[in-house]
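Right, one structure below, let's go through it.
Heavy atoms only: backbone and side chains are in, while hydrogens, waters and symmetry mates are out.
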Amino acid sequence: MKNKLLFAFTFFCLSFVNAQSYFGFLNDNYAGVHSVLNNPANIVDSRYRADINLFSFSALATNDYYGVKFFDLVKRDYNFEKEAKQYPNDSNNFLTNFDILGPSFMFNLNNKNSIALFTRARGISHLSNINGNTLNDVQDGNNASYQVNNQNFSIASNSWGELGVSYARIIMDKGQHFLKGGFSAKYLVGVYSGYAKANNINMAFNYTGNPNTSTYTSSGSLEVGNLNSLDNFDNPTDNIGTGFGADLGFTYEYRPDYQKYITTNHEGKTSYLKDQNKYKFKLGFSITDIGTINYNDATVSFYDVNTSYTEAQYNANSNFNNLYTTINQTKSVKFKLPTAFHLNADWRMNKRFYLNLNTDFSVVAAEVKNSSYINNNVSITPRYEVKWLSLYTPISYLEYSGVQAGFGFRVGPLFVGSGSIVSALLSETKAIDAHLGLKIPIYQGKIKDIDFDGIKDKDDNCPDVAGPIENKGCPWADKDNDGLTDNLDKCPKEFGPKENNGCPWTDKDGDQVLDKDDTCPDVVGAVENKGCPWGDEDKDSVTDNLDKCPAVFGEKDNNGCPYTDKDGDQVFDKDDKCPDVVGTIDNYGCPVIDTKVIKKLNDYSKSVLFDSGKSTLKADSYMILDAMAEIMKEYEATNFSIEGHTDNVGKPESNIALSAERALAIKTYLISKGINENRLKSEGFGAAKPIDSNETKTGKSANRRVEIKVIQ
């Protein structure tokens, strides 16, 4: 009895189930016609010229009630219902599906457009929001009482076939940025549909051991579509439904190195290498299964389940109409396709390794009557991919079942995989799936281009050397060896710099400043003035570059500046030997020394004392010599002669030498005090010029002297 009350739950336990299809394989760039299932945009710019699917299927079981190990399932005597680990709660869920892709194919119309035709058989069933403890009681048999309250579970099973056509084209191709879009239209034929929706149902079973005294009571309401009996949930009334469906998708590719994949034919037209993946990063978005199937001959019945029966009465009246009170009946059942959003990101880590992130999100809620939906999931799939081989290991988080890990491969026409096999082998799992397919792949041909210059060898005049299409695949020559190829060189026979398009620089005015640098290319000018002649602002015949006073008329020999006379003695400073002291013109601007000053110098000189018979000055003479130096400094334009004299005592040669040495000693001292050496002259006369008689002592003393004279 309880098995009937739970709408033949055994049906769900024994069915193949599949929430998503072909885990890991649909992300492969060699998925071919299968790629229309999640995103129809992917069939354009494919690695196939054509792809023919012979047969393939995908199946997955997922729930949050049972947990089981793979090796237990393959045991001959394993009792699934009794031995599988159970996780009952107030709201357990089961989801079932099968997905078979029949004869299907895709091919490219041209470089920008592709189409696909496909046949597909699908089935989805689910039991949602059911009390797991009640399910536990069911599996324990009839020898136990139970009670559940406020049940709002839903149960549905739908199978249908699809005949579809897909079209995809390239929407944008701007170098690094590439966008394609696709659309699928599907004619739907429904072959199976049945559902039941509970509304606040309360159930109680009081077991006494006797069918005539064991009682079943229930309350609430029940909506049932296209079913005659609880015992035959998998055998609904015979009718066929029809409808239409659609899928829509877009894929964006980021191609930073797109130029590496461009090829050129002999006419100069460019295209991409069709056998190569060009993207670094790919992002796809799609919405699938938009549409409904209508069963016009089906019946929807609404029942009041407020009733009480003994177990014997219930077993004898299993038909809905015999057990419950019919509230209302309507014609037509509508089944809504499992509409879902898909977001897919694919990172090309290098030429062979990829990392994929995929999310599937159901638009249809489980609470909707006669709903079909996918369970939400997120998966990360590392992938190794080349032309004839792919290896993929999807790691997924499935709603209801948690984290799953799997493995799959593609070898030429065959592909096999599972999104949960690794989890099932290593530990207990709440989901298990598998996919298998056989196809006829017709790959894009590899363009023969030995020198990799983007020009097919049959159109390349230099197939072994890379060259541009403009030169028929041959490299440009450089006849003048100036580093600029002849196609860019405006003077291909003359050596010239790149900046002047391969031509030598000219100098029209011959001023040794090249025209490119000459501000005045038609007038001879100075190099320092960027090829322009210098100006003469003050018209003093001294150009401004040499004129230190360019705004004032001046003299050439004074760098263009007027002469100055700081002391105002009418002797220009340039000629004034005493520019800071007023002097006479005849004395070069210096004051003229008079006889009084000469007398004073001579008076000082008479007081200069030497050691007897020597030319060394006595210390007492230093103060006198300092005073003489100060007087000489006042008359900077006057030159002096220092003359030494002796008496007639001794040899004349010795006297001349001594007088000369003494005069030189005074000169040397004055020079040390800052008197210019050129202003002083020293000379010794011995006893040749006496000023008194050498016959007396007084006269001899007068004759031993040093005289200071002005040199005119």
Smallest separation among heavy atoms of D247 and P40, with atom names: O-CG, 4.0 Å

Criterion salt bridge (charged side-chain N to carboxylate O under 4.0 Å, His left out) on K186 and D289, from CA distance to verdict: CA-CA 9 Å; K186 302 182 284 189; D289 291 324; 2.8 Å; yes

Option passing ring-ring contact (aromatic ring centres under 6.0 Å, His included) with H34 (candidates Y22, F118, F105): Y22

Check: Y279 ring centre within less than 6.0 Å of Y254 ring centre: no

Working for salt bridge (charged side-chain N to carboxylate O under 4.0 Å, His left out), residues D257 and K280: CA-CA 8 Å; D257 301 321; K280 181 67 176 177; over 6 Å; no

Whether over 12 other heavy atoms sit under 6.0 Å from Y397 OH: no

Test salt bridge (charged side-chain N to carboxylate O under 4.0 Å, His left out) applied to K69 and D72, step by step: CA-CA 5 Å; K69 294 181 179 179; D72 289 337; 5.8 Å; no

Lys/Arg-Asp/Glu bridge criterion (N-O < 4.0 Å) met for K278, E253: no

Donor-acceptor contact present, side-chain N110 to main-chain K112, <3.5 Å: yes

Backbone of I124 reached by a side-chain donor or acceptor of N158 within 3.5 Å: no

Check: Y295 ring centroid to F335 ring centroid under 6.0 Å: no

Nearest heavy-atom neighbours spanning S125 and S157: OG-OG, 2.5 Å

Near-ring test Y65/Y87, centroid separation under 6.0 angstrom: no

Backbone N/O of K430 and side chain of N63: donor-acceptor pair under 3.5 Å: yes

Within 45° cone and under 6.0 Å: R255 NZ/CZ vs F178 ring: yes

Donor-acceptor contact below 3.5 Å, side chain Q151 vs main chain N199: no

Beyond-backbone contact of R49 with F107, side-chain heavy atoms, under 4.5 angstrom: no

Aromatic centroids of F353 and Y384 separated by under 6.0 Å: yes

Carboxylate-amine/guanidinium contact R120 E162, below 4.0 Å: yes

Basic-acidic side-chain contact under 4.0 Å: K282, D45: no

Pair Y443 + W388: ring centers closer than 6.0 Å: yes

Pair R410 + D28: basic N to acidic O under 4.0 Å: yes

Close aromatic pair by centroid cut-off 6.0 Å: H342 and F285: no

Sidechain N-carboxylate O distance under 4.0 Å for K387, D275: no

